[in-house]
Number of protein chains: 2
Amino acid sequence: MPNHSLPTLEDVAREAQVSTATVSRSLNSPDNVAAKTLERVQAAVQKLGYSPNFGARALAAKRTNTIGAVIPTMENAIFARGLQAFQETISRNGSTLLVASSSYLRELEEEQIRNLVARGADAILLIGEDRSEEIYEFLKKRGIPYVLAWNYRPNSSHCFVGFDNRAAIKNLARKVLDLGHVTIGMIAGLTQENDRARDRVLGVREALAEYNIPGENFHVIETSYDFTNAGDALELLLEKKPKPTAIICGNDILAVGAVKQAKALGLRVPEDISITGFDDIEVSSIIEPPLTTVHIPHRKMGKIAAECLLAMRKNQVLSKSIKLNPFIVERGSLSKPGE
Amino acid sequence: MPNHSLPTLEDVAREAQVSTATVSRSLNSPDNVAAKTLERVQAAVQKLGYSPNFGARALAAKRTNTIGAVIPTMENAIFARGLQAFQETISRNGSTLLVASSSYLRELEEEQIRNLVARGADAILLIGEDRSEEIYEFLKKRGIPYVLAWNYRPNSSHCFVGFDNRAAIKNLARKVLDLGHVTIGMIAGLTQENDRARDRVLGVREALAEYNIPGENFHVIETSYDFTNAGDALELLLEKKPKPTAIICGNDILAVGAVKQAKALGLRVPEDISITGFDDIEVSSIIEPPLTTVHIPHRKMGKIAAECLLAMRKNQVLSKSIKLNPFIVERGSLSKPGE
DNA sequence: TTGAGAAATGCAAGCGCTTGCATTTTTTCC
DNA sequence: GGAAAAAATGCAAGCGCTTGCATTTCTCAA
């Protein structure tokens, strides 16, 4: 709790022998203040150790210079990295980041969004598109600009700064199929309430359709993003008939879990089984064999999302969606079947 | 920017046919309001879609229910994990997290601290102890409680919630020495302006002294936390005479970089060279061989730090420091020399 | 030197909420 | 049933800052 009596604008005004209005202007639009006055005010600020009261400022100016973000979890490196870049960018622009996490729970996420808005966030970063219509209405009604990151959906009306999950993994799946795999397993993230995970499954299915792979040659298991779960899922997939020769994973974490488990089962990767990842986080090049995966420019995404939000807040214009381009990184966990 | 005319307390008061004071109380201390009245107010709030104005509230109540944290970077998994737990805890207590990062730069960090305070943070989480006396003075003067995490120093006057880096790595070093290693290399983090990194070097030195290892048998190279740098550092260390048989790393990231490089150089780990880590982040059990490292309870630390801060804010009492206990995790990257 | 226009400054009205104190209503207990 | 205590409510004074508008001061051309 702030100490009893911190200096106020008025104290500074008295010290500098000007009005509070002038002090305020010296702080917020120094260009409109005479050089000499400005100097006096600054000296007074310095002397008194003055720092504006946040609440008062927010109340009077109707803006907080605070930008909110609700992400599923900071523990996943992809969000941590993107958020870091996001934070750096808004910080450089004089704003501050207000963070909340949803643990991938839709209800909790909506609560957090309302919370951030109530806390005065004047723009918000959200992950993906899946959430109730009401919450979008709410944001619209309050005039809070928002950007959806980590996905990009061509036909949506929202402003995205992200990449097309569906298309990205589709390309990877094509590459798998081109190598001759005809029975495929997929370890996906939980698709309910998660458009990114869903789009990734969709992308793989589309590729399979293109190559006329029959349904019985494709099996999907959904699981939360966790090494151990991925290992279990791998075992389940290996029991399917016909047995898959390639496992496409919803992200690198699942892929790492699968690779570990495959090795534990005495299988060679990729000779006995190919495994692919998604995201290209650090572990993907540390595990043996390193993962063939899809690289996502997380930092870049965070930075651009921040710039977008900053611009939207300023101009009150809905910004256009921005699509980033992921690309496949070939490392070694994918090869021809039965090689 | 908030829409032109959101409902205010007064609107709710009118709708519910009570005074604004009663509405305010209904929101903040419902126990002091008659059940019937409360009901009427809540109905009005619902009907109008009212949500209190943050600035006004902060101004009038002199507290924001916002807690700040300045961490070096979210990209390092250890901070991400701790911060996630920290956030969850304060969120559960009705507060929100304001985040800034310092990129390990002292000046930037102090700027960020002032920034968070100006933004109304009513308590702050800081990493480690290294910073100017002025900034501590500043915090004290403003009456902002703070907690230092990720380290614990027995003789400091600050409130820590962390672990004793020096003691923890000292134990690990002892274990290395017990195995018979007599020439040691260390890849440390940059120790300037970073008490954790410094304490870790210190801990190793102390262990060496205990075992009477002469100075020329110990070489330290400092580098920023980065895989590639660690690899370079390893090469440099291997050129030293006498050549080290064990490399103690300042954290897991450095250790992973060292292991990768060692393998690239055709060395077997641990047969040809032992390498140890610190932190026990996920990669340490994914790399081959998995790292022998020191486990730090990051999540627990984040949670406790949050609870501490919450309590300090409430009671206006300086909390006692809390010391967490790291422990060594033996995995496979450390063995007897020349085995 | 003077006067018009531009630049700088001051005045004062809020911004929407909390809270101490005063007042009214309800409850309790003889 | 009534007085005293307790509970609920209302009144209104701020909290510290921004900003539109009015006023003063400065600048510069004639």
Side-chain angles (χ1 to χ4, degrees), chain A residues 1-42 44-45 48-66 117-120 122 142-143, chain B residues 1-42 44-45 48-66 117-120 122 142-143:
Chain A
M1 188 182 300
N3 198 328
H4 47 124
S5 61
L6 294 170
T8 71
L9 237 214
E10 209 177 327
D11 296 325
V12 177
R14 197 175 311 116
E15 175 76 28
Q17 317 236 46
V18 295
S19 70
T20 59
T22 300
V23 177
S24 175
R25 279 187 282 257
S26 301
L27 264 32
N28 300 311
S29 50
D31 292 349
N32 299 325
V33 176
K36 285 212 131 184
T37 314
L38 188 58
E39 210 169 284
R40 245 183 21 250
V41 171
Q42 285 170 341
V45 166
L48 268 42
Y50 169 79
S51 157
N53 174 295
F54 177 70
R57 187 172 235 186
L59 178 57
K62 297 183 191 315
R63 87 125 79 165
T64 60
N65 279 317
T66 291
V117 170
R119 281 241 154 27
D122 35 43
R142 303 211 75 106
Chain B
M1 187 182 302
N3 198 328
H4 48 123
S5 61
L6 295 170
T8 73
L9 238 213
E10 211 178 323
D11 296 325
V12 176
R14 197 175 312 117
E15 175 75 27
Q17 315 236 50
V18 295
S19 70
T20 61
T22 299
V23 177
S24 175
R25 278 188 282 258
S26 302
L27 264 33
N28 300 312
S29 50
D31 292 348
N32 299 326
V33 176
K36 284 212 129 181
T37 315
L38 188 59
E39 209 170 286
R40 241 180 27 247
V41 171
Q42 287 170 341
V45 165
L48 268 44
Y50 171 78
S51 156
N53 175 296
F54 177 70
R57 187 171 235 187
L59 176 57
K62 297 183 193 314
R63 87 125 77 163
T64 59
N65 279 318
T66 291
V117 171
R119 281 239 153 29
D122 34 41
R142 309 244 8 149

Flag side-chain contact, heavy atom, 4.5 Å: [X] against [Y]:
X	Y	value
B:F54	B:T64	yes
A:P30	A:R25	no
A:N28	A:R57	yes
A:L9	A:Y50	yes

Quiz item: Any donor and acceptor pair, going by atom type alone, linking the side chain of B:D11 with main-chain N or O of B:T8 inside 3.5 Å?
Solution: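 Yes; judged by distance alone, with no hydrogens or angles, the pair exists.
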Quiz item: So, A:S29 side chain and A:N32 main chain: donor-acceptor pair closer than 3.5 Å or not?
Solution: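 Such a contact is absent between A:S29 side chain and A:N32 backbone.
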Practice problem: Just compare C:dC15, C:dC17, D:dC17 and give me whichever is closest to any side-chain atom of A:K62. | Solution: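 Closest nucleotide among those given: C:dC15.
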Practice problem: Please tell me which of the listed nucleotides, D:dT18, C:dT18, D:dT9, lies nearest to the side chain of A:A60? | Solution: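 Of the options given, the side chain of A:A60 lies nearest D:dT18.
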In this structure, how many angstroms lie between the [atom2] atom of [N] and the [atom1] atom of [X], rounded?
X	N	atom1	atom2	result
B:D31	D:dA7	CG	C1'	13 Å
B:F54	C:dC17	CZ	C1'	12 Å
B:E10	C:dG14	CD	P	12 Å
A:L6	D:dC15	CG	C1'	13 Å
A:E39	C:dT9	CD	C1'	17 Å
A:L9	C:dG14	CG	C1'	15 Å

Quiz item: For DNA chain D, whose closest nucleotide is more 5', that of A:A61 or that of B:L59?
Solution: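 The residue whose closest nucleotide sits nearer the 5' end is B:L59.
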Quiz item: Of A:N53 and B:A34, whose nearest nucleotide on DNA chain D comes first from the 5' end?
Solution: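 First, find each residue's nearest nucleotide; the 5'-ward one identifies B:A34.
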Quiz item: Going by heavy atoms closer than 4.0 Å, what residues in residues 18-25 of chain B are next to DNA chain C?
Solution: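 B:A21, B:S24, B:R25 - these, ordered by number, are the residues of the stretch whose heavy atoms sit under 4.0 Å from the strand.
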Quiz item: How far does OG1 of A:T66 sit from CZ of B:R119, to the nearest 0.5 angstrom?
Solution: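 The CZ atom of B:R119 is 4.5 Å from OG1 of A:T66, to the nearest 0.5 Å.
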Quiz item: OP1 or OP2 of D:dT9 less than 4.0 angstrom from a side-chain nitrogen or oxygen of B:N32, does that happen here?
Solution: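 No, outside the criterion.
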Quiz item: Between D:dG16 and A:R57, is there an OP1 or OP2 to side-chain N/O distance shorter than 4.0 Å?
Solution: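 Result: no.
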